[in-house]
Amino acid sequence: MQDEYRTVARAGVHETEVNRSRFLCALAPVATEQEAQDFIAGVRKEHADASHNCFAYVIGADAAIQKASDDGEPGGTAGVPMLQMLLRRHMRYVVAVVTRYYGGVKLGAGGLIRAYGGAVGEALDTLGTLTRRRFRLATVTVDHQRAGKVENDLRSTGRTVRDVRYGEAVTIEIGLPDADVEAFRGWLADATAGTAGLELGGEAYGDA
């Protein structure tokens with residue numbers, strides 16, 4: 001598994017103009033290929049009158065799924081440069097659709113490649129990206145008397161507290177980088193005089 005990946009911070013649209021052609025790049029974070037396809041379909045419906053709606057997406061922290069479409073532009077001049085821009089920026093779980101409204105001036109193959117790739121790059125700069133890091137899910141079980149202090153200490157040291165549940169004891173779900181597990185185990189034993197339990201779960205990704 002990848003230790004971390006980058007994705008787009010939020011969905012949005014950024015517009016550029018090249019030789020009177022309008023290029024609207026719509027970007028969105030997506031969890032699955034189906035979500036990416038649904039987003040593309042939505043943009044195509046919204047801009048049904050456009051000259052082209054080209055797309056590229058990358059799914060998976062290891063970029064296992066990659067697809068691109070030129071949507072009628074000359075082969076390799078739209079979808080591929082869009083995809084290459086996403087990969088060059090190490091973007092994952094992201095979909096980009098560039099809608100072109102033709103302005104009457106032909107751009108040529110080189111011009112199209114720069115325009116489509118550039119539209120994605122500018123949209124990423126405008127909308128912003130975030131890094132998501134791999135961590136181990138862990139559950140801390142602690143008595144009610146110590147729970148408040150443990151939770152506060154976790155938050156104040158920047159730990160990711162995912163959930164807190166109150167029952168006979170208090171269970172606090174956290175995310176830990178693998179490298180921190182043993183040090184955290186020692187800290188928890190010291191902080192609770194050895195009374196807290198720590199159970200390690202699976203792996204997930206969270207905001208770095």
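Reckoned from all heavy atoms, side chains included, excluding hydrogens, waters and symmetry mates. Start at 1 with the first residue, then count along the sequence.
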So do V140 and F184 actually touch side chain to side chain, heavy atoms under 4.5 Å? yes
The test is side chain to side chain contact (heavy atoms under 4.5 Å, CB included); show your working for E199 and T141 and say whether it passes.
CA-CA 8 Å; E199 190 179 317; T141 306; over 6 Å; no
Heavy atoms of R132 and T7 approach each other most closely as CD-CG2, 4.1 Å
Interatomic distance, CG@D190 vs OG1@T192, rounded to 0.5 Å, equals 8.5 Å
Contacts of V13 meeting side chain to side chain contact (heavy atoms under 4.5 Å, CB included) (sequence neighbours excluded), chain-then-number -> L24, A26
What is the ring orientation for Y93 with Y5, classed by angle as parallel under 30°, tilted 30 to 60°, or perpendicular over 60°?
tilted
Query raised in the report: Would you say V142 and L200 are hydrophobically clustered, going by side-chain heavy atoms of ILVMFWY under 4.5 Å?
Result: yes
Within a strict 4.5 Å, meaning less than it, do heavy atoms of the M91 and L87 side chains meet? no
By salt bridge (charged side-chain N to carboxylate O under 4.0 Å, His left out), R89 pairs with (sequence neighbours left out) D125
Nearest heavy-atom approach of R100 to L112 is NH1-CD2, 3.3 Å
- Tell me, with the steps shown, if D143 and V170 meet side chain to side chain contact (heavy atoms under 4.5 Å, CB included). CA-CA 6 Å; D143 59 50; V170 180; over 6 Å; no
dist L176:CG -> E182:CD (nearest 0.5 Å) comes out at 10.5 Å
- So, E33 versus Y57: side-chain donor-acceptor pair below 3.5 Å or not? yes
Hydrophobic cluster membership, M85 vs V8, 4.5 Å side-chain cutoff: yes
Stepwise side chain to side chain contact (heavy atoms under 4.5 Å, CB included) check, L107 with V18:
CA-CA 8 Å; L107 301 181; V18 182; 4.1 Å; yes
Tightest non-hydrogen contact, residues D70 and G76, listed as OD2-N, 2.8 Å
### Query
Do L188 and R185 have side-chain heavy atoms sitting under 4.5 Å apart?
no
*Would you kindly confirm whether F135 and V161 end up in one hydrophobic cluster when ILVMFWY residues are joined by side chain heavy atoms under 4.5 Å apart?*
no
Short N-O contact, D180 and R159, less than 4.0 angstrom
yes
Side chain to side chain donor-acceptor pair (under 3.5 Å) filter on R114, not counting sequence neighbours, yields none
Interatomic distance, CZ@R6 vs CG@L86, rounded to 0.5 Å, equals 11.5 Å
Here the gap from T32 atom OG1 to Q37 atom CD, rounded to the nearest 0.5 Å, amounts to 8.5 Å
OG1 (T195) and CZ (R146) are apart, to the nearest 0.5 Å, by 4.0 Å
CG of D71 to CG of N53, rounded to nearest 0.5 Å, is 6.0 Å
Quiz item: Is the shortest heavy-atom distance from the side chain of I172 to the side chain of L154 under 4.5 Å?
Solution: yes
Look at the side chain of E35 and the backbone N and O of A31, then say whether any donor-acceptor pair between them is shorter than 3.5 Å. yes
Quick one: do M82 and V98 satisfy side chain to side chain contact (heavy atoms under 4.5 Å, CB included)? Show the steps, please. CA-CA 8 Å; M82 290 167 62; V98 175; 3.5 Å; yes
Side chain to side chain donor-acceptor pair (under 3.5 Å) test vs Y101 passes for just one of E17, H52, H47, namely H47
| request: Give the C-alpha distance, both sets of side-chain angles, the deciding distance and a yes or no for salt bridge (charged side-chain N to carboxylate O under 4.0 Å, His left out) between D153 and R155. | output: CA-CA 5 Å; D153 288 350; R155 292 186 191 278; over 6 Å; no
_Side-chain heavy-atom pair F55, R44 within 4.5 angstrom cut-off_ = yes
Answer yes or no: is there a side-chain heavy-atom contact under 4.5 Å between T99 and F23?
-> no
Query - Sub-4.5 Å side-chain heavy-atom contact between C25 and E122 - result: no
Check: Heavy-atom distance under 4.5 Å between the side chains of P29 and V94, does that happen here?
Finding: no
